[in-house]
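As a basis for the values below, the full set of heavy atoms in this structure was taken, side chains included, without hydrogen atoms, waters or symmetry mates.
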Amino acid sequence: MTTINLTVNGKQLSATAEPRTHLADYLRDCHNLTGTHIGCEHGVCGACTLLVDGVPTRSCITFAVTCEHAHVTTIEGLDDDEIATELRAAFKREHALQCGYCTPGMMVSARDVVLRMESPSEHDIRVAMSGNLCRCTGYVGIVRAVQSVIEARRKRGAGAIPDGNRKVLGPAGSGHSSAVAANGAKPRETSATKAAASVAAAPARADANWTPQTTFVQSFTVEHPVDQVWEFFGRIGEVATCLPGASLDGEPVDGHAEGRIKVKVGPISAEFQGVADVSRDDATRTGTISGAGKDQRSNSATRGLIGYAVKQGDRPEQTRVDVTVGFTLTGMLAQFSRSGLVQDIANRLIAAFVQNLEAKLSAGEGAAPAVAAEFDAGSLFTSVIIGRIKALFASVFRRR
């Protein structure tokens, strides 16, 4: 058991719970704050949404222990909140609730929309609220309620607050609190805090304490001398052109690069914007790439660490590259990182990178191979599944 200290609805609360206890269960079971409802328990339906350090958070997939010293606001803590008061009246007026089970999380997300968005259209509100599901109202009343509150507030001069005064990017909780503990000590700085700061502005330096959710090792060979390959890997901008969907914002400076990578997974298109830092050791021909990024549309964030070693291949004109990739993915797109298909997709992504790398090395410095506008993981999923079905049938017929 672990003692967890939080500031909940303005009060300092403490209770012991197992490290695996999610924030929603901790609040309900340890402090009887049952206004936070638990629905899917997978971070999809949004019923459990509350505020952690002012940021809407899925409390059913957030460990309570990672929010040590954070400020948590539940639906009970919004009784006297100005925006929440206006939203309650609007929800009643527009018939924006029926069974009411989704309403606490819906109110928290709606409050965030009112706080941040200056003059959103109906479509903008629907997109912003798409993380909260309701199976009763059909959403029309909810959208009207949110829109009416925004219009009323703007007419009387209550403007939006850009980004809701958020100071960091990345998952809410996880040590992002800027609060001061009861004993006056500053909250501990965690790897998540460092990752968030790196996305916002600072270099994405490697953190020895960070542990990725997923790690895999891969090797590939290119038909070019090892010196040529190692020298090419030092040109960050040209290496980026070999990765499908990747692009840089300007020239890298002292191994620090800012850019984006476009990803498509079925109907979901994401553009991760972030930073990366590259370090290289000429003596051992090894390097590391530490990066972090976030997609605003899907509210997904990622962090990764790539280590690579460039070695002599089996032949004089051949180079072998050993790669170790570790990454963590949160948000809407995290559901795909849990799949056993990740390794197969990574293999295909690396194959595309190698193909572009070969073309680049053959064309010489300054030439840019044609690369995909975005990494279409949806098509890769299809090819992977088909490949596995073929392998299954082949194994069945071999046994006969």
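Both Ile161 and Leu87 are assigned to one and the same hydrophobic cluster, defined by single-linkage of ILVMFWY side chains at heavy-atom distances under 4.5 Å. Follow the hydrophobic side-chain contacts under 4.5 Å out from Val229 and you reach Leu243 in the same cluster.
Listed by first and then second residue, the ring-ring contact (aromatic ring centres under 6.0 Å, His included) pairs involving residues 274-324 are Phe233-Tyr308 (not counting sequence neighbours).
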Side chain to side chain donor-acceptor pair (under 3.5 Å) between His224 and Glu358: does it pass, once the steps are laid out? CA-CA 8 Å; His224 294 274; Glu358 287 276 10; 3.1 Å; yes
From CA spacing to verdict: side-chain contact (heavy atoms from CB on, under 4.5 Å), Asn5, Gln12: CA-CA 7 Å; Asn5 303 285; Gln12 294 181 356; over 6 Å; no
Determine, step by step, whether Thr3 and Thr16 satisfy the side chain to side chain donor-acceptor pair (under 3.5 Å) criterion, reporting the C-alpha distance in whole Å, the side-chain angles of both residues, the deciding distance to 0.1 Å, and the verdict. CA-CA 4 Å; Thr3 300; Thr16 57; 5.8 Å; no
Intermediate values then yes/no, side-chain contact (heavy atoms from CB on, under 4.5 Å), Phe63 and Thr21: CA-CA 6 Å; Phe63 291 119; Thr21 303; over 6 Å; no
Please determine whether side chain to side chain donor-acceptor pair (under 3.5 Å) holds for the pair Asp112 and Ser109, giving the CA-CA distance in whole Å, both sets of side-chain angles, and the decisive distance to 0.1 Å. CA-CA 5 Å; Asp112 186 64; Ser109 295; over 6 Å; no
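Qualifying side chain to side chain donor-acceptor pair (under 3.5 Å) partners for Gln355, counting only residues two or more places apart in sequence or in other chains: none. Residues that satisfy the side chain to side chain contact (heavy atoms under 4.5 Å, CB included) test with Asp281, not counting sequence neighbours, are Ala283, Thr284, Thr286. By the side chain to side chain contact (heavy atoms under 4.5 Å, CB included) test, His31 is found to be paired with Leu13, Ala15, Tyr26, Leu33, residues two or more places apart in sequence or in another chain being considered. Listed by chain and number, the residues in a side chain to side chain contact (heavy atoms under 4.5 Å, CB included) with Thr103 are Phe91, Leu97, Met107 (sequence neighbours excluded). Partners of Thr34 according to the side chain to side chain donor-acceptor pair (under 3.5 Å) rule, which considers only residues two or more places apart in sequence or in another chain, do not exist here. Remark: Thr36 pairs with no residue by the side chain to side chain donor-acceptor pair (under 3.5 Å) rule, at least two apart or across chains. Shown here are the salt bridge (charged side-chain N to carboxylate O under 4.0 Å, His left out) partners of Asp249, two or more places apart in sequence or in another chain: Arg260. Every salt bridge (charged side-chain N to carboxylate O under 4.0 Å, His left out) that Glu86 has, sequence neighbours left out, goes to Arg153, Arg156. Applying the side chain to side chain contact (heavy atoms under 4.5 Å, CB included) test to Ala128 and every residue at least two apart in sequence or in another chain returns Val113, Met117. With sequence neighbours left out, the salt bridge (charged side-chain N to carboxylate O under 4.0 Å, His left out) criterion links Asp81 to Arg111.
Side chains of Val108 and Leu78 form a contact here, defined as non-hydrogen atoms less than 4.5 Å apart. Put simply, the side chain of Leu27 reaches to within 4.5 Å of the side chain of Thr74, judged on heavy atoms.
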Only distances under 3.5 Å count here; give the side-chain donor-acceptor pairs of residues 145-152 to other protein atoms, sequence neighbours excluded, each with its distance to 0.1 Å.
residue	atom	partner	partner atom	Å
Ser148	OG	Arg93	NH2	3.1
Ser148	OG	Arg144	O	3.2
Ser148	OG	Ala145	O	2.8

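Between Asp322 and Arg320 a salt bridge is recorded (basic side-chain N to carboxylate O distance below 4.0 Å). Salt-bridge check for Lys262 with Asp295: failed, with every basic side-chain N at 4.0 Å or more from each acidic carboxylate O. Using a 4.0 Å cut-off between a side-chain N of Lys or Arg and a carboxylate O of Asp or Glu, Arg315 and Glu317 do not qualify as a salt bridge.
In this structure, Thr241 OG1 and Asn356 CG are separated by 7.5 Å, a value rounded to the nearest 0.5 Å.
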